[in-house]
Colleague: 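Handing you a structure now.
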Amino acid sequence: MPNIQDILIDTFRKLLEQLTGFVPKLLGASILLIVGSIMSKLVSRILKTALEKSGFDRLGDKLNKIDVIARFGELKLSLIVSKVLQYFIMLVFITASTETLGMQVLTDMVASLVNLIPKLIASAILLFAGLMIADTLKNTVINLCNSFKIDSAKLLGNIVFFFFFVIALIASLKQAGIETSLLESSFNLIIGGVVLAFAIGYGFASRDVLMNILSNFYSKNKFKEGQVIEVNGVKGTIVSFDTTSLTLQTGETQTILPLNVLQKEKIEIFTHDS
């Protein structure tokens, strides 16, 4: 019969040996974590102060003007960059601590996070750059539509913004190593359907406006302010000539005609009032 007392003593001795060997590792891992916490916070604070003094946050102010970002609150880039560096340094020390403890599975997990951070940083930079480009294109489209007096300028600008924002989002997800094939296929189908529906609907709705704009290009060299003309039985002096309309002074009143009548109707031009 085995001696129960000897078995218990042997088991306790082995546990004591393992504990004796583990305590120095635990102590070393704890010291690494404490040093890492202090160092990461110190470096983060120094970097944040340096970025604030260098005016780095001015770039963030430009991003805060974008509607999508403004909805989530004010964005301070110096704080974001400093925090990312702090967590990166801390993860490096956590990796060293898990290696000290001999916990390989946990070490591999933390190491994968450390390797992922540079990809996430590059992905964020790509996304922010895409947002700025999309917002610039949106404002350009709105200003261009307003200059041509085209209705729904803001709607067109938002469509352009959404289109380029999704492209930037897909590119940033790819940079982070995320599979985007399904998202790209869905986006292509949605964009194709929206473009087709929009082209048909907006084409019918804006047909007269587009005709007026084209008439402006064809007629601007033939007509000028001060000329006396007769259109559809309406005789008057041209007092203004813009992108889409023609204004005639007819006695005490003014008559506004769409420019497309200059292409569709017979126009009489008088060299002097008669």
Side-chain angles (χ1 to χ4, degrees), residues 32-33 36-37 39-48 50-52 54-99 103-140 157-195:
L32 284 173
L33 289 176
S37 177
M39 183 176 293
S40 62
K41 290 179 180 179
L42 179 62
V43 173
S44 174
R45 190 173 302 172
I46 293 173
L47 179 62
K48 182 175 180 292
L51 291 176
E52 288 176 342
S54 67
F56 183 69
D57 285 328
R58 284 197 292 268
L59 179 60
D61 294 337
K62 294 181 180 179
L63 291 172
N64 288 326
K65 295 178 181 178
I66 301 175
D67 294 337
V68 175
I69 294 180
R71 293 175 184 176
F72 294 96
E74 185 178 358
L75 184 67
K76 194 170 183 181
L77 286 183
S78 60
L79 178 62
I80 294 175
V81 172
S82 60
K83 285 297 182 182
V84 169
L85 180 62
Q86 177 182 343
Y87 296 143
F88 180 78
I89 294 174
M90 197 63 209
L91 283 174
V92 172
F93 276 91
I94 291 175
T95 303
S97 300
T98 54
E99 287 181 348
M103 303 171 67
Q104 190 59 42
V105 175
L106 188 58
T107 300
D108 294 339
M109 185 184 301
V110 178
S112 64
L113 290 176
V114 173
N115 295 330
L116 181 61
I117 286 180
K119 294 182 179 180
L120 293 177
I121 293 174
S123 176
I125 293 174
L126 189 60
L127 181 60
F128 285 147
L131 275 171
M132 295 185 69
I133 293 173
D135 189 64
T136 301
L137 291 173
K138 169 188 171 182
N139 293 329
T140 301
N158 287 331
I159 290 174
V160 170
F161 177 85
F162 172 77
F163 179 78
F164 284 96
F165 170 70
V166 173
I167 291 177
L169 178 62
I170 292 174
S172 65
L173 291 175
K174 276 188 176 181
Q175 180 63 40
I178 299 175
E179 180 59 40
T180 59
S181 298
L182 181 59
L183 181 60
E184 289 179 24
S185 300
S186 302
F187 176 68
N188 291 335
L189 289 173
I190 293 173
I191 290 298
V194 169
V195 168

Colleague: Measure the spacing between CZ of F162 and CD1 of I167 and express it to the nearest 0.5 Å.
Modeller: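 So the CZ of F162 and the CD1 of I167 are separated by 10.5 Å.
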
Colleague: Using every non-hydrogen atom in the two residues, find where F164 and A134 come nearest and quote the distance to one decimal.
Modeller: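 Taking F164 first and A134 second, the nearest heavy atoms are CB-CB, 3.8 Å.
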
Colleague: Is any side-chain heavy atom of I89 less than 4.5 Å from a side-chain heavy atom of F93?
Modeller: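 SC-SC contact between I89 and F93 confirmed.
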
Colleague: Kindly determine whether V92 and F88 satisfy side chain to side chain contact (heavy atoms under 4.5 Å, CB included), including the steps that lead there.
Modeller: CA-CA 6 Å; V92 172; F88 180 78; 4.2 Å; yes

Colleague: Which heavy-atom pair separates D135 from F161 by the least distance, and what is that distance?
Modeller: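 Nearest pair, atom of D135 first, then F161: N-CD1, 3.6 Å.
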
Colleague: What distance separates D108 CG from E99 CD, expressed to the nearest 0.5 Å?
Modeller: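 With rounding to 0.5 Å, CG (D108) is 9.0 Å from CD (E99).
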
Colleague: Which atom names give the shortest non-hydrogen contact between S123 and Q175, and what distance separates them?
Modeller: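 Smallest interatomic distance, heavy atoms only, reads N-CG, 3.7 Å.
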
Colleague: Which residues pass the salt bridge (Lys or Arg N to Asp or Glu O under 4.0 Å) test with K174, sequence neighbours left out?
Modeller: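 If we apply the salt bridge (Lys or Arg N to Asp or Glu O under 4.0 Å) test to K174, skipping adjacent residues, the hits are E184.
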
Colleague: At what distance, to the nearest 0.5 angstrom, does OG1 of T95 lie from CE of M90?
Modeller: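 One finds 10.5 Å between OG1 of T95 and CE of M90.
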
Colleague: Closest approach of S97 and L32, non-hydrogen atoms and distance?
Modeller: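 Here S97 and L32 meet closest at OG-CB, 3.4 Å.
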
Colleague: In Å and rounded to the nearest 0.5 Å, what is the CG to CG distance from L131 to L169?
Modeller: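 Going from CG on L131 over to CG on L169, the span is 9.0 Å.
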
Colleague: Heavy-atom distance under 4.5 Å between the side chains of F56 and V81, does that happen here?
Modeller: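 In contact.
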
Colleague: So, for A176 and L120, which heavy atoms are closest and what is the spacing to 0.1 Å?
Modeller: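 For A176 and L120, the tightest heavy-atom pair comes out as CB-CD2, 4.1 Å.
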
Colleague: Using a 3.5 Å distance criterion without hydrogens, assess whether the side chain of T136 forms a donor-acceptor pair with backbone atoms of M132.
Modeller: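 Such a contact is found between T136 side chain and M132 backbone.
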
Colleague: Once you round to the nearest 0.5 Å, how far does CG of L85 lie from CD1 of I117?
Modeller: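 Those atoms lie 9.5 Å apart.
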
Colleague: How long is the span from the CG atom in L79 to the OG atom in S44, to the nearest 0.5 Å?
Modeller: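 So the gap between those two atoms works out to 7.5 Å.
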
Colleague: Considering residues at least two apart in sequence or located in another chain, which fulfil the side chain to side chain donor-acceptor pair (under 3.5 Å) criterion with S78?
Modeller: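 Only D57 meet the side chain to side chain donor-acceptor pair (under 3.5 Å) criterion with S78.
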
Colleague: Would you please name every residue forming a side chain to side chain donor-acceptor pair (under 3.5 Å) with T107, sequence neighbours left out?
Modeller: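 By the side chain to side chain donor-acceptor pair (under 3.5 Å) rule, T107 matches T98.
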
Colleague: Applying the side chain to side chain contact (heavy atoms under 4.5 Å, CB included) test to K48, which of K76, Q86, K83 qualifies?
Modeller: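 Exactly one candidate clears the test, K76.
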
